Number of protein chains: 2
Amino acid sequence: MPLTSQLQTAGLRATPKRLAIGGLLFDGVDRHVTADDVADMARKAGIKVSLATVYNTLNQFVAAGILKRIILDTDRTYFDTNVSDHHHLFYETSGDLLDVPGDSLRIEGLPAAPEGARVRAVEVVIRMSGTPVSTGSTAG
Amino acid sequence: MPLTSQLQTAGLRATPKRLAIGGLLFDGVDRHVTADDVADMARKAGIKVSLATVYNTLNQFVAAGILKRIILDTDRTYFDTNVSDHHHLFYETSGDLLDVPGDSLRIEGLPAAPEGARVRAVEVVIRMSGTPVSTGSTAG
DNA sequence: AATTATTTTAGAACAATTCTACACTGGGCT
DNA sequence: AGCCCAGTGTAGAATTGTTCTAAAATAATT
Ligand SMILES: [Mn+2]
Ligand SMILES: [Mn+2]
Ligand SMILES: [Zn+2]
Ligand SMILES: [Zn+2]
C-alpha cells in the first residue's frame, strides 16, 4: 500500500513531514528506532524536520496503529515498524533490538484475566549480553 | 536471614539508612515499589532519609543482587524484592505490578544465543487494562 | 584523638519527552 | 486569484525521574 493511502486509512493527512518520516520508516524492512535515530536518518536524507515534529509524528503513528512503542530501557523509547504481536531480543550493551524470528516462541500457562480486566499484550523480552550476530560495527 | 547479615553477605555495610530502607522492603512480602514509594514509606514510618539516599540505596541493592530493577514504563522504574526469575502482570492504568503466580508460565522455542552472546534474562510482561483483583482502593 | 574512608545529603545538573505559543501551509470556497 | 481556517510545524521553555557534585556527617582505624 502506498504511504499516502496508508496514512489516510489511518486517519492522518498525508502532509510533507509525515510522508518524509513515514518514507524513512515504512520501506518494507522491520525497523526498531528511537526518536533520535529518526532525526538522524532525516538529517542524513536531507530532510529538514524539527525534533518536536519527529516526536509528534511518531506519537501520531503510534496512535494511528501503524507504529508500535516498545519500552525496555529507562532512557530511550523504541518505535517498531512491526506492529504485529511478536517478541524481542534486546542487546543491553549495544542497545540493538531484534525481532524474535517467526512464531518460534510459544507461551503456555497464561493466567486468565480476572473479571474487569483484559490482556492487552503479552511481551517477551530476551535480554542479552554480548554482541548481536552481524549487526553494529564490523571491521572495515 | 537477618537483614544485617543479608547486607554484609551482599558486600554492603549495615548502615542506618540501609537498614531502615531494607527493613521497609525485605519483610517477607514480595514488593514492587518505585523510589517515590520508598520515600513515602520511609516518611510514613518516621524515617528521615533524602531522596538521593533512597536512589543510592536502591541502586546499591540492585548491584548487590538483593533487589531487581524492572522497566516497563517510560517514566518510572520499579524495584522488585523478588529477585528470582519470574514474570509480571502490569496494569497500565493503575500502575499496579503483580507477579505471575508460581511457575504457571512456560516459554517454549527460545532461540539459541548466537556465538559471543548470552541470555541474561527472559522477561514476560502481560500488559493489562482494567483493574487488578483486590488491589488499590476498595470502598471503605 | 587524629586520621581516613564511607555514607548521607541538598541542590544542581542532566536528558528524554512534552508543552506552549506562535508561524506557516494548503486546500476549499468564493 | 485571493481569503479563510483548521491543521501542521517549529523553537524554545518546561517537566520530571534520575544522577551527579561537592560538602557535611558519621563511622572505622590507627
Ligand atoms: Mn529521562
Ligand atoms: Mn523522565
Ligand atoms: Zn519488533
Ligand atoms: Zn516481581
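The sequence lines fix the lettering, A, B, ..., with proteins before strands; numbering per chain opens at 1. Keep in mind that what you see is a predicted model, and the values were worked out from it rather than measured. Side chains are part of it too, since the values below use all heavy atoms of this structure and drop only hydrogens, waters and symmetry mates.
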Give a yes/no on whether any side-chain N or O of B:Asn56 is located under 4.0 angstrom from OP1 or OP2 of D:dT19. no

Side chain of A:Ala35, heavy atoms from C-beta onward: which of D:dT8, C:dA16, C:dT17 has the nearest atom to it? C:dT17

Protein-nucleotide distance (B:Asn59, atom CG; C:dT7, atom P), rounded to Å: 14 Å

Heavy atoms from C-beta onward define the side chain here; which of C:dA10, D:dG9, C:dT6 lies closest to that of A:Lys17? D:dG9

Any side-chain N or O of A:Tyr55 below 4.0 angstrom from OP1/OP2 of C:dT17? yes

Return the value, rounded to whole Å, for the distance between atom OH of A:Tyr78 and atom C1' of C:dA16. 13 Å

In whole angstrom, give the distance that lies between atom CG of B:Leu12 and atom P of D:dA27. 17 Å

In whole Å, I'd like the distance from the CZ atom of B:Arg69 to the P atom of D:dG17. 16 Å

Would you say A:Thr15 places a side-chain N or O within less than 4.0 Å of OP1 or OP2 belonging to D:dG9? yes

Here the distance between atom C1' of D:dT26 and atom CG of B:Leu19, to the nearest Å, is 14 Å

With a 4.5 Å cut-off on side-chain heavy atoms, are B:Leu25 and B:Phe79 touching? no

Picking from D:dG9, C:dT7, D:dG17, which would you name as closest to the side chain of A:Thr53? D:dG9

With a 3.5 Å cut-off and no angle check, do the side chains of A:Arg18 and A:Gln60 form a donor-acceptor pair? yes

Specify whether B:Phe90 and B:Tyr78 have parallel, tilted or perpendicular ring planes, treating 30° as the upper limit for parallel and 60° as the lower limit for perpendicular. perpendicular

Classify the nucleic acid contact of A:Thr77 as base, sugar-phosphate or nothing, counting any heavy atom under 4.0 Å across all strands shown. sugar-phosphate

May I have the distance from A:Lys48 (atom NZ) to D:dG9 (atom P), rounded to whole angstrom? 12 Å

Compare the minimum distances between each of D:dT18, D:dT10, C:dA10 and the side chain of A:Ser50, then state the nucleotide with the smallest one. D:dT10

From D:dT18, C:dA10, C:dT17, nucleotide with atom closest to A:Leu51 side chain: C:dT17

Do the rings of A:His32 and A:His88 sit parallel, tilted or perpendicular, given the 30° and 60° boundaries? perpendicular

Between B:Pro16 and B:Arg76, who's closer to the 5' end of DNA chain D by nearest nucleotide? B:Arg76

Between C1' on D:dG17 and CD1 on B:Ile70, what's the gap in Å once rounded to a whole number? 18 Å

Please report the distance, rounded to the nearest Å, between CG in B:Leu58 and C1' in C:dT8. 14 Å

Should B:His86 and B:Lys68 count as side-chain neighbours, where that means a heavy-atom distance under 4.5 Å? yes

I want to check one thing: is the phosphate of D:dA27, taken as OP1 and OP2, less than 4.0 Å away from some side-chain N or O of B:Arg13? no

